[in-house]
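Following: one structure in structure tokens, then a few remarks.
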Amino acid sequence: MADVQIELPDGSVKQVHSGTTPHDIALSISEGLARQSLAARFNDQLIDLTRPLDTSGKLALITPNSPEALEIIRHSCAHLMAQAVKELYGDEVQVTIGPAIKDGFYYDFYSESKTFVPEDFPVIEAKMAELAKQDQPVTREVMTRHAAVDLFREMGETYKVELIEDLGEETVSLYRQGDFVDLCRGPHVPRTGVHKAFKLTSLAGAYWRGDEHNAMLQRIYATAFLNKKDLKAHLERLEEARKRDHRKLGRELDLFSFNEEAGGGLVLWHPKGAMLRTIIEDFERKEHLKRGYDIVVGPQILKTDLWKMSGHYENYRENMYFTEVDEQGYGIKPMNCLAHMLIYKSKPRSYRNLPVRYFELGTVHRHEKSGVLHGLLRVRGFTQDDAHIICRPDQIDAEVKGVMRFVQDVAGIFGFDYTMELSTRPDKSIGSDADWEQATKALRSALEDSGQPFEINEGDGAFYGPKIDVKLKDALDREWQCATIQCDFTLPERFDLTYVGADGEKHRPVMLHRVIVGSIERFIGVLIEHYAGSFPLWLSPVQAIVLNVTDNQADYAQEVYEQLRSAGVRVEVDLRNEKLGFKIREAQVAKIPYMLVIGDREMEQRTVAPRFRDGKNLEPVSVDDFVAFVAAETAAFK
RNA sequence: GCCACCCUAGCUCAGCUGGUAGAGCAACUGAUUCGUAAUCAGUAGGUCGUCGGUUCAAGUCCGAUGGGUGGCUCCA
């Protein structure tokens with residue numbers, strides 16, 4: 001048998017016989033290492049511990065401390081769950097796929113007769129624990145495609161058969177533990193006994209291969225960790241995240257509500273929520289004016305014929321609301337671009353006056369499928385901080401960069417981390433190659449200039465142009481698209497937008513659709529979770545509340561309240577005959593930044609004693625000083 | 001839209017295998033005037049999402065429908 005050279009991470013080289021496994025090598029180092037190891041990395045490829053090595057190369061053992069460990073454990077745990085399900089429900093259920101995902105794993109099952117319910121979880125978990133306790137060896141075997149197809153067909157696993165047939169490989173690898181066999185690339189942990197900390201978390205429907213025309217599978221979500229302590233910590237984190245759910249906080253802080261008689265996905269903004277909106281809208285108007293945008297306002301409904309001309313009727317009709325009066329059809333706007341185009345078209349344009357930047361806090365309505373509605377994050381009526389930049393082709397680059405800076409500035413003010421994606425030309429698209437190339441280049445160069453990492457979604461652009469998407473995360477780490485910049489070649493064409501160039505001829509401008517926060521509703525939803533409801537002073541719907549200790553200071557407290565209110569501070573006063581501790585608690589629960597306590601001392605000295613919501617008491621200050629403080633903080637977006 | 005689950009007082013929740021509803025908080029009333037996260041006592045409040053069915057009898061079982069939750073598909 002030929003020798004091979006195995007280089008270990010510490011640089012040492014072991015001379016071993018071909019066919020030696022990573023497990024053997026681990027054992028030669030120490031028994032503890034061999035016992036702990038879960039898998040191995042050989043020349044940048046993850047392999048099983050029991051995989052014979054027949055070439056020289058670099059080997060690293062994957063132990064629980066390795067970054068890859070969790071993913072391998074979760075993937076293996078998905079097999080354990082499938083094994084348990086097969087043992088419990090046997091031929092009633094077919095297995096499909098079961099990958100590791102962020103924070104856990106899932107497995108999709110198909111069954112005509114068995115419907116999983118949450119009550120099955122403890123039963124499945126118990127079976128998993130039983131199989132883990134048996135510490136069955138997990139073995140890999142390789143067979144030809146035909147043999148594998150025959151095997152799974154015999155077992156009645158038609159989904160596996162389909163997978164193997166579509167794989168197009170001559171040989172496939174299977175993993176076996178006990179009586180359970182699954183098609184899988186691996187690698188897997190060596191024994192089922194590795195699984196000590198797992199929990200089934202939820203049930204969901206999922207289409208086979210993600211296609212809604214396919215069968216609906218039953219997906220069981222679960223999670224697994226290296227040990228029980230990590231699992232417990234993870235479950236506690238989830239619990240914490242649920243506390244900052246914007247739907248819960250929205251009710252508790254009395255910001256907004258929904259009403260089923262009004263309709264799903266239609267937000268009712270209560271006074272405090274509407275205040276928050278107003279603050280953000282005022283901020284938006286100011287920031288847009290600063291950056292050379294013009295504010296415009298379009299109508300809520302436009303004639304159906306116009307939506308036909310724009311292509312929305314053809315491509316977006318099922319998402320639109322229509323109405324008819326006096327035999328004239330109208331469409332309620334799902335986007336703001338049409339009115340902006342008409343404004344542009346209202347008079348001849350010169351190349352000298354481009355770009356035009358039309359900004360509108362435009363309220364749109366889209367009929368979203370009922371199952372996708374989600375608090376403020378996915379609604380049917382929302383207001384976008386929408387703008388359309390109509391420019392010469394040579395101006396795209398500078399305009400896109402300007403928008404990117406705008407996005408970064410705003411993200412910085414709110415303290416958001418975000419991820420960015422560039423989506424390029426899809427198969428079905430319109431516009432010339434040159435247009436696409438120029439626009440994509442402009443977007444890419446703006447992204448590169450931003451200095452932030454970004455991902456590329458090849459072929460994921462809109463049919464009318466490439467786009468940049470910026471995504472923010474909610475409390476549960478789900479990503480929500482907020483800002484987006486899209487190049488559009490279609491609408492200027494369809495609406496015959498032109499400008500007169502230096503040559504006296506008519507030319508076609510380019511249009512950029514862009515939003516900075518996206519939908520105000522969604523943004524506020526994410527914002528609530530981001531701040532866990534404790535908004536910074538400049539955003540707080542109520543910035544301060546005046547609290548008197550006893551009735552004795554009621555008149556002075558009222559006077560302070562009026563003084564603050566007329567100075568522009570968003571302030572409330574609580575003169576109820578309650579103990580101070582009670583009033584503080586209520587203000588605290590309402591997450592009001594400053595409580596201004598007034599007792600006899602403050603009344604005598606004509607001051608207020610501020611208490612911040614973190615519990616810290618500040619030195620008593622005069623009302624004027626407090627007003628100045630609020631103004632300074634607000635100006636600094638604190 | 002699809003799959004599963006949920007829907008009891010304003011909120012959070014109890015209500016066993018069917019025998020026409022209960023708590024805490026909030027609200028209201030009264031007493032208490034008390035300096036940094038809950039003073040005490042009392043009162044009121046629900047045709048158990050809606051419609052239909054089974055049953056002598058349904059919050060509890062069945063069906064439909066509305067809304068919601070977690071996903072899938074789609075998307076700001």
Side-chain angles (χ1 to χ4, degrees), chain A residues 101 106 108 115-120 201-221 242 245 247-248 251-252 254 257-265 316 318-319 334-336 362 364 366-380 382-386 462 469-472 476 478 480-484 486 513-523 525-526 547-554 576-590 595-602 609-613 615-618:
Chain A
I101 51 171
Y106 66 78
D108 285 347
T115 301
F116 290 105
V117 292
E119 286 70 41
D120 294 329
T201 50
S202 66
L203 281 168
Y207 300 109
W208 168 237
R209 300 194 148 177
D211 185 333
E212 62 180 321
H213 304 294
N214 286 343
M216 179 60 77
L217 307 173
Q218 300 181 59
R219 175 170 298 179
I220 301 180
Y221 281 93
R242 273 187 262 277
D245 188 312
R247 292 163 299 186
K248 184 173 152 67
R251 189 174 48 242
E252 288 171 1
D254 199 14
S257 65
F258 294 90
N259 182 303
E260 68 173 88
E261 287 177 296
Y316 207 70
E318 62 281 11
N319 282 298
M335 298 181 193
N336 303 300
V364 297
R366 301 180 183 174
H367 182 81
E368 300 289 347
K369 291 178 179 180
S370 63
V372 305
L373 300 177
H374 183 93
L376 291 181
L377 299 181
R378 190 82 182 265
V379 293
R380 287 186 172 148
F382 57 101
T383 300
Q384 294 178 300
D385 61 339
D386 203 1
D469 291 326
V470 180
K471 295 182 173 176
L472 306 181
L476 289 173
R478 291 175 293 210
W480 295 93
Q481 184 173 319
C482 289
T484 174
Q486 308 183 350
H513 306 251
R514 48 104 286 183
V515 290
I516 302 296
V517 307
S519 136
I520 303 275
E521 280 75 5
R522 174 174 291 181
F523 187 68
V526 179
L547 309 176
N548 58 333
V549 178
T550 70
D551 284 351
N552 189 38
Q553 309 91 26
R576 292 174 305 168
N577 173 21
E578 295 288 351
K579 291 167 82 168
L580 182 63
F582 180 78
K583 294 186 190 184
I584 297 235
R585 181 185 151 76
E586 286 206 346
Q588 189 81 36
V589 169
M595 290 152 241
L596 305 178
V597 176
I598 292 177
D600 287 334
R601 283 201 299 278
E602 288 75 22
R611 174 193 197 273
F612 191 59
R613 67 183 155 207
K616 279 201 193 86
N617 290 317
L618 281 61

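So that the names make sense, note that chain A is the first sequence line, chain B the second, and so on, each numbered from 1.
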| So what's C40(B) paired with, Watson-Crick or G-U wobble, going by both distances under 3.5 Å? | G30(B)
| So, does Arg380(A) use its side chain to make a donor-acceptor pair with the main chain of Glu368(A) at under 3.5 Å? | yes
| For U65(B), the Watson-Crick or wobble partner whose two distances fall under 3.5 Å | G49(B)
Under 3.5 Å, N/O pairs linking protein and nucleotides 30-34 of chain B:
residue, atom, partner, partner atom, Å
U32(B), N3, Asn577(A), ND2, 3.3
U32(B), O4, Asn577(A), ND2, 2.3
U33(B), O2, Asp551(A), N, 3.1
U33(B), N3, Asp551(A), OD2, 2.7
U33(B), N3, Asn577(A), OD1, 3.4
U33(B), O4, Asp551(A), OD2, 2.9
U33(B), O4, Asn577(A), ND2, 3.2
C34(B), N4, Asn577(A), OD1, 2.0

| Quick check: does any side chain N or O of Glu521(A) sit under 3.5 Å from a backbone N or O of Thr383(A), one acting as donor and the other as acceptor? | yes
| task | Nearest whole angstrom, please: distance from the P of A27(B) to the CG of Asp254(A). | result | 13 Å
| query | Is Pro334(A) close to Asn319(A) at the side-chain level, that is, under 4.5 Å between some pair of heavy atoms? | reply | no
| said: Would you say that Gln588(A) contacts Arg611(A) through its side chain, given a criterion of any heavy-atom pair below 4.5 Å between the two side chains? | reply: yes
| said: Quick check: do Asp600(A) and Val549(A) have side-chain heavy atoms less than 4.5 Å from each other? | reply: no
| request: Examine U36(B): is either OP1 or OP2 under 4.0 Å from a nitrogen or oxygen in the side chain of Arg613(A)? Give yes or no. | output: no
| Whether Ser202(A) side chain and Tyr221(A) backbone form a donor-acceptor pair below 3.5 Å | no
| Looking for any heavy atom pair under 4.0 Å, which part of the strands does Thr201(A) touch: base, sugar-phosphate only, or nothing? | nothing
| task | Assign a letter to each nucleotide of nucleotides 67-76 of chain B from its 5' end: B, base within under 4.0 Å of a protein heavy atom; S, sugar-phosphate only; -, no contact. | result | SSSBBBBBBB
| query | Nearest-Å distance, CZ (Arg242(A)) to C1' (C6(B))? | reply | 15 Å
| message | Give me the distance, rounded to whole Å, that separates A41(B) from U32(B) when you measure between the C1' atoms they each carry. | response | 11 Å
| field | Sugar-phosphate, base or nothing in reach of Glu318(A), heavy atoms under 4.0 Å | value | nothing
| request: Could you give the distance separating C28(B) and U69(B) at their C1' atoms, to the nearest angstrom? | output: 34 Å
| said: In whole Å, measure the gap between the P atoms of G24(B) and C6(B) for me. | reply: 28 Å
| request: Keeping the roles fixed (side chain from Asp385(A), backbone from Val517(A)), state whether a donor-acceptor pair exists under 3.5 Å. | output: yes
| task | Could you give the distance separating C72(B) and G53(B) at their P atoms, to the nearest angstrom? | result | 40 Å
| query | Does any nucleotide pair with A23(B) by Watson-Crick or G-U wobble geometry, both distances under 3.5 Å, and what is it? | reply | U12(B)
| Gln553(A) CD to U36(B) C1', straight-line distance once rounded to whole Å | 14 Å
| Met595(A) CE - A37(B) C1' separation (whole Å) | 9 Å
| query | Mind checking whether Ser519(A) and Arg378(A) have side chains closer than 4.5 Å, heavy atoms only? | reply | no
| So what does Arg251(A) touch, heavy atoms closer than 4.0 Å: a base, only the sugar-phosphate, or nothing? | sugar-phosphate
| query | When rounded to the nearest Å, what value does the distance between P atoms of U17(B) and C74(B) take? | reply | 42 Å
| query | Looking only at atom P, what distance separates A38(B) and G1(B), rounded to whole Å? | reply | 47 Å
| query | Can any side-chain N or O of Lys583(A) pair as donor or acceptor with the backbone N or O of Met595(A) at less than 3.5 Å? | reply | no
| message | Between P on A37(B) and NZ on Lys616(A), what's the gap in Å once rounded to a whole number? | response | 15 Å
| task | Please state the C1' separation for the pair G68(B) and U54(B) - nearest whole angstrom. | result | 28 Å
| request: Keeping the roles fixed (side chain from Arg522(A), backbone from Cys482(A)), state whether a donor-acceptor pair exists under 3.5 Å. | output: no
| said: Any salt bridge linking Arg209(A) with Asp211(A)? Criterion: basic side-chain nitrogen under 4.0 Å from a carboxylate oxygen. | reply: no
| remark: Nearest-nucleotide check on RNA chain B, Thr115(A) vs Val589(A); residue mapping nearer the 5' end is Thr115(A)
| said: Both Arg611(A) and Leu217(A) contact RNA chain B. Taking the nearest nucleotide for each, which residue is further toward the 5' end? | reply: Leu217(A)
| request: Taking atom P in both C62(B) and U55(B), compute the distance separating them and give it to the nearest angstrom. | output: 16 Å
| query | Whole-Å distance between A37(B) P and Ile584(A) CD1? | reply | 6 Å
